[in-house]
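All remarks here apply to the structure that follows.
From a predicted model like this one, the values you see are computed outputs, not experimental measurements. The analysis underlying the following values was restricted to heavy atoms, covering all of them including side chains, and did not include hydrogens, waters or symmetry mates.
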Amino acid sequence: MELLKKLFHGKGYIDGITIINLEGEILFTAKLNGKLSNEENACQLVGKRFLDIYENLDSESSTMLKAMELGMPLYVENQLLKTKSREEIHITSLSLPIKSRGRIVGAIDLSMEVRQEELSDALDSIDLKDLVFPLDGSKRLDRQNTAVFTEHDIIAVDEKMKQARDYIKVVAACDLPVMIYGETGTGKEVFAQSIHNAGDRRDKPFIAQNCAALPETLLESILFGTSKGAFTGAVENKGLFELADGGTLFLDEINSMPLSLQPKLLRVLQDGSFRSLGSRVMKRVNVKLIAAMNTDPVKAMQEGQLRRDIYYRLSMMSITIPPLRERKRDIPHFIKFYIGKHNATFHKRVQYVSKELIARLEEYDWPGNVRELEHVIVYGMSVVDEGRDVLRFEDVKAKFAEFGRAKQEPADSGVKGGAPCASLKSAVEAYERELIAGTLRETGGNLSKAAKRLDVPRQTLQRKAARHGLLKEGKA
């Protein structure tokens with residue numbers, strides 16, 4: 001009841017209950033407010049299609065249908081509802097999917113009429129109708145040895161993204177390794193954690209390691225452990241494979257792993273056996289390995305970053321996460337989720353988003369993907385006036401302009417004669433090459449010094465320099 005008080009404008013009651021099946025047919029309805037239906041006897045509505053009763057709704061605007069599609073509860077305030085031969089009204093609605101044996105079989109909706117005097121003048125904006133409740137804003141990717149995300153935390157309205165999400169159950173049902181490919185910021189670790197939690201290993205350790213975050217000399221000992229006396233000062237120490245025994249090990253940026261170390265990884269993939277650094281004793285573990293890359297695996301093989309035998313072993317089960325620019329139907333849902341999440345962060349009460357904000361953010365290509373989108377929304381939430389309940393484009397404009405310089409008009413681009421700009425990807429590549437080349441020249445070609453100056457791991461710089469054909473300018 002306390003939850004209902006918070007949700008339904010603090011009223012603590014509802015005006016109607018409706019249950020539908022997957023086909024959208026009404027199985028049960030109790031309308032305590034006659035305005036919510038077009039027939040005096042609610043029993044006469046049973047068996048009819050929900051969308052036939054409410055003529056202004058469709059598969060996109062109905063929270064009940066969306067709740068079944070997303071597999072998540074949805075809450076909307078001040079939603080317009082129009083039935084045949086009746087005056088239109090506005091309702092507050094909470095729709096929840098109904099599951100049986102792990103499958104969604106229908107939805108239930110609790111609704112309350114919003115009186116005219118309670119209507120906000122923000123109706124010219126877009127309601128936060130698709131705010132997703134199950135996603136816990138306190139969830140973080142840095143919880144040690146724990147996977148907190150599940151497939152239900154993945155926002156997927158776009159068909160490509162739904163296919164990727166639905167495949168999680170398939171790859172989680174077996175012990176084969178998994179390859180996840182997606183650009184930076186698409187949510188690869190969220191997928192990895194979801195795979196872990198969807199399988200039988202959910203109660204075992206989940207350990208994540210970014211291969212590009214460690215120097216080449218440390219990566220082997222971190223992964224496989226060390227034996228006492230392996231080198232000066234070395235002590236007996238378990239590696240990540242031993243710590244993850246029985247559970248899941250997630251290796252991000254697997255293409256950053258040195259080629260000399262990849263055969264040892266292949267051995268673990270084949271039979272679960274390995275030797276710790278400096279040890280003669282063979283150890284065995286039972287670990288599900290999930291690897292991820294933010295570059296095309298085929299391209300990584302061609303450029304000598306990834307051994308073919310490793311790729312073939314890892315990619316028997318694979319998931320490709322589409323970039324945000326290819327799943328723009330998801331953008332409004334992310335916007336609304338981030339607003340709901342950061343209302344608590346900044347103690348704001350934003351309930352609406354302007355149509356211009358949605359339109360402008362959908363036009364952008366989001367090279368930083370979901371992570372970049374959250375940065376923009378967080379900035380907007382931090383500056384929006386405390387008493388205002390609408391987030392507008394003006395609130396995010398400064399941060400959006402900072403991220404979206406490449407989207408300026410040709411006249412403002414600085415290109416002589418107004419020539420069109422290069423693509424964002426090629427512009428970033430060109431800038432990266434120029435920056436690396438300049439730093440290598442300044443450091444006399446010393447990769448270690450250049451990596452320290454650029455604040456990146458040495459092997460990452462070496463890989464990027466090789467890709468840009470710059471190794472001849474420096475010393476390996």
Side-chain angles (χ1 to χ4, degrees), residues 6-10 56 60-61 63 66 70 74-81 88 90-94 114 116-133 135 137 155 157-158 185 323-325 327-409 411-413 424:
K6 292 178 181 179
L7 296 181
F8 291 95
H9 302 279
N56 69 302
E60 290 297 315
S61 57
T63 54
K66 274 295 178 185
L70 294 171
L74 302 179
Y75 180 66
V76 54
E77 301 218 18
N78 301 337
Q79 183 183 40
L80 176 65
L81 200 64
E88 62 183 36
H90 288 86
I91 65 166
T92 291
S93 174
L94 174 62
V114 181
Q116 189 64 37
E117 60 271 18
E118 297 171 337
L119 283 176
S120 169
D121 58 3
L123 285 176
D124 289 337
S125 304
I126 296 177
D127 298 5
L128 296 181
K129 66 177 67 174
D130 296 315
L131 184 60
V132 183
F133 278 79
L135 267 169
I155 295 176
V157 178
D158 176 84
L324 194 56
R325 63 181 174 275
R327 45 183 290 224
K328 291 194 174 182
R329 288 182 62 199
D330 292 343
I331 289 177
H333 300 268
F334 276 111
I335 294 172
K336 293 162 191 175
F337 165 64
Y338 290 136
I339 288 175
K341 174 182 175 181
H342 294 294
N343 264 331
T345 303
F346 298 107
H347 307 290
K348 302 293 175 66
R349 305 181 75 175
V350 175
Q351 299 183 53
Y352 308 93
V353 289
S354 72
K355 294 178 180 178
E356 182 190 9
L357 173 65
I358 297 264
R360 293 293 292 271
L361 299 191
E362 283 182 338
E363 289 174 359
Y364 183 51
D365 279 344
W366 300 105
N369 292 292
V370 176
R371 189 177 299 149
E372 182 182 355
L373 175 59
E374 183 173 11
H375 274 263
V376 171
I377 299 302
V378 167
Y379 176 81
M381 293 296 291
S382 71
V383 301
V384 68
D385 295 336
E386 197 164 317
R388 183 147 52 86
D389 60 358
V390 181
L391 187 70
R392 303 189 177 103
F393 179 69
E394 289 73 18
D395 300 317
V396 306
K397 192 173 182 178
K399 181 62 69 174
F400 183 69
E402 176 185 326
F403 282 131
R405 291 190 189 100
K407 297 292 285 184
Q408 294 174 348
E409 295 297 324
D412 298 326
S413 66
L424 178 63

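Distance alone, capped at 3.5 Å, is enough to place a donor-acceptor pair between the Asn343 side chain and the Val350 backbone. Judged by distance alone, with hydrogens and angles left aside, the side-chain atoms of Trp366 form a donor-acceptor pair with the main-chain N or O of Leu361 at under 3.5 Å. Proximity of a side-chain donor or acceptor of Asn369 to a complementary backbone N or O of Leu324 within less than 3.5 Å is detected.
In this structure, Lys399 NZ and Glu372 CD are separated by 10.0 Å, a value rounded to the nearest 0.5 Å. In this structure, Ile358 CD1 and Ile331 CD1 are separated by 9.0 Å, a value rounded to the nearest 0.5 Å. With values rounded to the nearest 0.5 angstrom, Asp395 atom CG is found 4.0 Å from Arg388 atom CZ. Summarising the geometry, atom CD1 belonging to Ile339 is positioned 4.5 Å from atom CG belonging to Leu391; distances are rounded to the nearest 0.5 Å. With values rounded to the nearest 0.5 angstrom, Lys355 atom NZ is found 13.0 Å from Leu357 atom CG. To the nearest 0.5 Å, atom CG of residue Asp330 and atom CD of residue Glu362 are 10.5 Å apart.
Residues satisfying the side-chain contact (heavy atoms from CB on, under 4.5 Å) criterion with Ser382, sequence neighbours excluded, are Phe346, Tyr379. Under the rule for a side-chain hydrogen bond (donor to acceptor under 3.5 Å, both in side chains), His375 has no partner lying at least two apart in sequence or in another chain. With sequence neighbours excluded, no residue forms a side-chain hydrogen bond (donor to acceptor under 3.5 Å, both in side chains) with Asp158. Here Glu356 pairs with Ser354, Arg360, Phe393, Glu394 under the side-chain contact (heavy atoms from CB on, under 4.5 Å) rule; sequence neighbours left out. When the side-chain hydrogen bond (donor to acceptor under 3.5 Å, both in side chains) test is applied to Arg349, no partner is found at least two apart in sequence or on another chain.
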message: One pair to check against side chain to side chain contact (heavy atoms under 4.5 Å, CB included): Arg327 and Val370. What are the steps and the verdict?
response: CA-CA 11 Å; Arg327 45 183 290 224; Val370 176; 4.1 Å; yes
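Tested against Met381 for a side chain to side chain contact (heavy atoms under 4.5 Å, CB included), the candidates Val378, Val383, Ile377 yield a single pass: Ile377.
Counted within 6.0 Å of NZ on Lys328, heavy atoms from surrounding residues, nucleotides or ligands total more than 12; the atom is thus considered enclosed.
Contact record, Glu386 with His347: CG-O, 4.3 Å, taken as the closest heavy-atom pair.
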